[in-house]
Asker: 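Handing you a structure now.
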Protein chains: 4
Amino acid sequence: MNGHSFIEVRTIAQKKNNEKYEAILNAAVKVIGQAGYHNAPISKIAREAGVADGTVYLYFKNKEDILISILRETIGTIVDRIHDELKLEDGDAAESLKGLITIYFGIFGVNPDLAMFTQVHLRQSNAEMRKQIGDIIRPYYQIIDQIILKGIESGVFRESMDKRIARRMIFGTMDETVTAWILTGAKYSLASQVQPVYDVMVGGLRA
Amino acid sequence: MNGHSFIEVRTIAQKKNNEKYEAILNAAVKVIGQAGYHNAPISKIAREAGVADGTVYLYFKNKEDILISILRETIGTIVDRIHDELKLEDGDAAESLKGLITIYFGIFGVNPDLAMFTQVHLRQSNAEMRKQIGDIIRPYYQIIDQIILKGIESGVFRESMDKRIARRMIFGTMDETVTAWILTGAKYSLASQVQPVYDVMVGGLRA
Amino acid sequence: MNGHSFIEVRTIAQKKNNEKYEAILNAAVKVIGQAGYHNAPISKIAREAGVADGTVYLYFKNKEDILISILRETIGTIVDRIHDELKLEDGDAAESLKGLITIYFGIFGVNPDLAMFTQVHLRQSNAEMRKQIGDIIRPYYQIIDQIILKGIESGVFRESMDKRIARRMIFGTMDETVTAWILTGAKYSLASQVQPVYDVMVGGLRA
Amino acid sequence: MNGHSFIEVRTIAQKKNNEKYEAILNAAVKVIGQAGYHNAPISKIAREAGVADGTVYLYFKNKEDILISILRETIGTIVDRIHDELKLEDGDAAESLKGLITIYFGIFGVNPDLAMFTQVHLRQSNAEMRKQIGDIIRPYYQIIDQIILKGIESGVFRESMDKRIARRMIFGTMDETVTAWILTGAKYSLASQVQPVYDVMVGGLRA
DNA sequence: GATGAATGAGCGTTCATTCAT
DNA sequence: TATGAATGAACGCTCATTCAT
């Protein structure tokens, strides 16, 4: 699905009809995004995808696998696009950060269902899934870390701050902005938030 | 449970037996916090609380009511403590912000189950619950807004930034810090994060 | 409650506060009559009666006992009034029949809840209760039989007809009339139906 | 099931597998007929029908739908057979009446469970179901009305009587006869009651 | 591969009944 | 007597998953 996934382990049906695989995933994003994981019966996802209930199990091990797959594809897409569009190695750190926010808001801004899905389901209390999600999200965190490091090395970012906290601030602020955008009904453009969000991240609160 | 609740409408059993009410809430925090709302049967919560299944319904209208009640009590406690311990009106904005973080991390730092519960379940995809949660969390947001405003007026915080984004940054950063703390097993002290978090919030990334 | 009950076996609390006994029965007639036996919780009956749930069990063995008691009291009242107001032994058969209808419609006509209760709950599929109801209703049937017999002996009623069928016709017609009256909302006076019902019973369909 | 149902709206599973649909209905007639609606768990009906609990819900919306469906099929069958076997338009009114009784007793006479079911559950205290039952039973009432009218027009039945009361007498007498037959254990043949019942209906009590 | 009927474990909730006060 | 909090069995219904076709 995305270049990033060349190491992807698609347990079942990797060679199978990709159209149906995509259809089911898209249907799941929509149905789960709107109703929530536990209020989204497989039967409803299947109907939305235009396949039979049983067909879902030809492409996914179980319901949990659908959820994990969506997160993997989504984060994968984000990571891929960042690698593709941003020169992480040699570019300007500030520019990279703004690029990161732009891509992040760009992907969710055109797909509120996907945004909702991600906001709600990245937070999982089930221990086993938490581990899987951790693995999925790691490369994304690493990109943020990389940008921070580059910024520090190039002297644009402060050296004195806690780098992990900086990462959480970046991620948390973007996350919270997307959440607020959804909860208010996605009425304005997420893209319009890139600049003010970037500004607060970099400048902080201090006068 | 918290002074904030003097207007509290406990529809059922506002009776004397607060002990069982508390026991059920605590059990629910634990069970739901560990397994997730949809993997936490009432029967398990009841057993953990040491009561019969039916007893739960003497104190709560239904399962959803338990979830909402926990969030209300938790946010209520935070808001109460802030009002009690911080001089929001006349105090120093920077100090208020640090106090906010201290209280927030203090409450969750001693109760990882509650932290987990809140992190996961403040994000709800069910539309009706989202509305209720919105109402519950509003006073908390207002406190953050108040601190930001005070900071700007007193000249400690920048006037040029987007105030809503600033609020989301504050909330998102704390949230993300707590989440990370849980996911890594709550092995270090959350209190130790107050200063670095505050520092990043106020100073931002810029060198 | 009715003279007829001097042999009544009030299993519990026969010497107890009769006011509460009556209050519970009346409440049960109302609540069960409107909602049906299985949609009428004891708690609701108790509340309607102004007593605590547990109190109900001081006056009745269990919920079934309430139902049986109401039927017993109701049929008992009917039977008593017939014995009191009609000269079954020496009176005119036609007059007795009309008197029977008048009393029957009179009792239910002023109490639609009781009418509903009786119509629905005289029909019971539970085998054990069916037996008890049979015992309760027997004296009522015997009165009808007695009237028929007297009519035949005095030459006012046909000898050639099947006497049991005649009894069922009398009971079934009254029953059906009361049922129809309730189902249409008890908007007209049941008393107004005495004459036409009597007329059809006695005259039959034949021109 | 019956020709009458060509407009039947079988919301779920109008699928080919009528066998299971029928099996569940028959099982429900038996189990509910013997134990009563509220003492007949779906699990017991399913077991009797030889299917899993969940299967019931592939064929019926809910438990109430089973009850309504049975009544609809039963009354439908009666109405169909009357239309098929009786010349309502041009036949003799007396003959039509006897035919009606014959069919009615014929259907229930071979199926005491169904008779019990119908006797008990046509009387429903639940307001919403009462409306549905009213709709179901209407065509049956109309047939009786039609017979009465035809009788009056052809001069066989009295014009002076109340026609609605006459209908209730006919229905009530048949009903009561079936009820009595069941309550006494269905030991004699219902068919043997056709003539005496007809006789009492037409002749009335008068000598 | 694709289907969808069938399964049955599992859960939220109700409510008759009990019993300590 | 009277109370009403507490109990826990019972039931309607859902839905992830399987498998014969």
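Each chain gets a letter, A, B and so on, in the order its sequence line appears, and its residues count up from 1.
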Asker: Just how far, in rounded Å, is C1' of F:dA5 from CD1 of B:I24?
Answerer: 12 Å
Asker: What is the separation between atom CZ on B:F60 and atom C1' on E:dT14, rounded to the nearest whole Å?
Answerer: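 Roughly 18 Å, once rounded to whole Å.
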Asker: Can you name the residues that form a side-chain hydrogen bond (donor to acceptor under 3.5 Å, both in side chains) with D:N39, not counting sequence neighbours?
Answerer: none
Asker: Going by the rule side-chain hydrogen bond (donor to acceptor under 3.5 Å, both in side chains), which residues pair with C:D113 if we only count those two or more places apart in sequence or in a different chain?
Answerer: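 For C:D113, the residues satisfying side-chain hydrogen bond (donor to acceptor under 3.5 Å, both in side chains) (neighbours in sequence not counted) are C:Q34.
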Asker: Rounding to a whole Å, what distance do you find between B:I45:CD1 and E:dT13:C1'?
Answerer: 14 Å
Asker: Could you go step by step and tell me if D:I42 and D:Y57 meet the side chain to side chain contact (heavy atoms under 4.5 Å, CB included) rule?
Answerer: CA-CA 10 Å; D:I42 289 287; D:Y57 291 87; 3.6 Å; yes
Asker: Can you figure out which of F:dA6, E:dG1, F:dA2 approaches the side chain of C:L58 most closely?
Answerer: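 It is F:dA2.
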Asker: Checking C:N126 now: which residues fulfil side-chain contact (heavy atoms from CB on, under 4.5 Å) with it, not counting sequence neighbours?
Answerer: C:E64, C:Q124, C:E128, C:M129
Asker: At what distance, to the nearest 0.5 angstrom, does CG of B:L67 lie from CD1 of B:I32?
Answerer: 5.5 Å
Asker: Mind checking D:V51 for me? I need base, sugar-phosphate or nothing, with any heavy atom below 4.0 Å counting as a touch.
Answerer: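 D:V51: backbone/sugar contact only, no base atoms under 4.0 Å.
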Asker: Got a second to check how far D:I75's CD1 is from D:T118's OG1, nearest 0.5 Å?
Answerer: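 One gets 6.5 Å once the value is rounded to the nearest 0.5 Å.
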Asker: Find out whether B:L71 and B:F117 are in side-chain contact, i.e. whether some heavy atom of one side chain is under 4.5 Å from a heavy atom of the other.
Answerer: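 They are in contact (side-chain heavy atoms under 4.5 Å apart), so the answer is yes.
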Asker: In whole Å, I'd like the distance from the CZ atom of D:R47 to the P atom of F:dC11.
Answerer: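 That distance rounds to 10 Å.
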Asker: So, is the end of the A:K20 side chain (NZ or CZ) under 6.0 Å from the ring centre of A:Y59 and within 45° of the ring's axis?
Answerer: no
Asker: Within the structure, does a side-chain N or O atom of B:K20 lie under 4.0 Å from either OP1 or OP2 of F:dA6?
Answerer: yes
Asker: Could you write out DNA chain F as dot-bracket? Rules: Watson-Crick or G-U wobble, both distances under 3.5 Å, brackets [ ] for crossings, | for pairs with another strand, dot for unpaired.
Answerer: .||||||||||||||||||||
Asker: Spell out protein contact along nucleotides 15-21 of chain E as letters: B when the base is contacted, S when just the sugar-phosphate is, - when no protein heavy atom is under 4.0 Å; keep the 5' to 3' order.
Answerer: SSBB---
Asker: Could you tell me how far apart B:E19 (CD) and F:dA6 (C1') are, to the nearest whole angstrom?
Answerer: 15 Å
Asker: Over how many whole Å does the gap from D:Y21 atom OH to E:dA6 atom P extend?
Answerer: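 Rounded to the whole Å, the gap is 15 Å.
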Asker: When the distance from NZ of B:K44 to P of E:dG10 is rounded to whole Å, what number comes out?
Answerer: 13 Å
Asker: What residue pairs, at least two apart or across chains, pass salt bridge (charged side-chain N to carboxylate O under 4.0 Å, His left out) with a residue in residues 33-50 of chain C?
Answerer: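 Qualifying pairs, neighbours excluded: C:K30-C:E48.
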